[in-house]
Amino acid sequence: MVYKTDYHMHSSFSDGRSAPEDYIVPAVAAGLSEIGFSEHLTLFKDPEDWNMNPVNLIPYINCIESLRDKSKKIKIKTGLEVDFFIGKEEEIGNYLSPLPLDYVIGSVHYLGEKTVDVGPEFYEGKSIDRLYESYLDSVSAAAASGLFDIIGHCDLIRIFGYRPVSDQEPYYRKLAKTMKAHNVAFEVNTNGRNRPLADFYPDRKFLHIFREENVPVCVNSDAHMPSRVGQYFDEAYELLRYVGFTEMAVFDKRVRRLVPF
Ligand SMILES: [Zn+2]
Ligand SMILES: [Zn+2]
């Protein structure tokens, strides 16, 4: 049996629809060996309805740890999906370092004051080429920060299907090299299939770059409801095999190991 993990899931502690325990039965049914929760944590901004209020951080960690201790059929890990902001590396690091986490996903949602997934209106009247460039630059900075174990949806800027004119390959190459140099994994995020883009992140035509640069990989659903745990994983694993990947990154107490699949 292929050792499958899903480290990117949101429960009602942030913007997911259900309590953490509701994700376990669907995860076992999907044939997963491990799952991990990764609630949104956005420092330096007022809490909104999509991210976890930091006052709930310790109750969240306690909740996942008690599920982990009770769970017999599947391993349960504690993670966070943390927003990256250039120039705030030290504060983010100081905030995260005492927390008993298995991994941290670093994601870029904000470009300026707005998030790139807020709606198609974010893109209207702007240079798509420039947006891609600044998004991928920001993700490269997140990878170089040393703060994260996994980079979330590394080209979320594709979400509404706006495409740049210029060749993006050099940006993806730089990003992959940065990830490798700073020892951070990327994810194939299957939730893009549920968005207007209707495909995974990252762009499958650049996946070979991550393989060539030998960047560790995870497959994650970014599920916001139990029915989407492990969604489209067979296809994602097949795609990775096709590109030449043979191992997955597995995390425990922020230590990574690779398991064959
Ligand atoms: Zn995200
Ligand atoms: Zn997420």
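Just follow the structure's listing: the first ligand is 1, and inside any ligand the first atom is 1. In what follows, residues are counted from 1 in the order of the sequence shown. FYI, side chains are in, hydrogens and waters are out, and symmetry mates aren't considered; it's all heavy atoms of this structure.
- Among pairs with a residue in residues 149-175, those fulfilling side-chain hydrogen bond (donor to acceptor under 3.5 Å, both in side chains) read Glu81-His153, His109-His153, Asp129-Ser166, Glu133-Tyr171, Asp137-Lys174, Asp149-Arg254, Asp155-Arg158, Asp155-Tyr172, Ser166-Gln168, Arg173-Glu212, Arg173-Glu213, at least two apart in sequence or across chains.
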(message) Between Asn194 and Asn191, is the side-chain hydrogen bond (donor to acceptor under 3.5 Å, both in side chains) condition met? List the steps.
(response) CA-CA 5 Å; Asn194 301 312; Asn191 193 35; 2.9 Å; yes
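- No other N/O/S atom of His109 lies as close to the Zn ion (ligand 1) as NE2 does.
- Because its NZ or CZ atom is not both nearer than 6.0 Å to the ring centre of Phe84 and within 45° of the ring axis, Lys88 does not count as a cation-pi partner of that residue.
- For the Zn ion (ligand 2), the count of nearby protein N, O or S atoms, meaning those under 2.8 Å away, is 4.
- We find the OG-NE2 distance between Ser18 and His10 to be 13.5 Å, quoted to the nearest 0.5 Å.
- Side-chain atoms of His40 and Asp83 include no donor-acceptor pair closer than 3.5 Å.
- Figure legend: Lys4 and Tyr237 shown as a cation-pi pair, the cationic atom lying under 6.0 angstrom from the six-membered ring centre and within 45 degrees of its axis.
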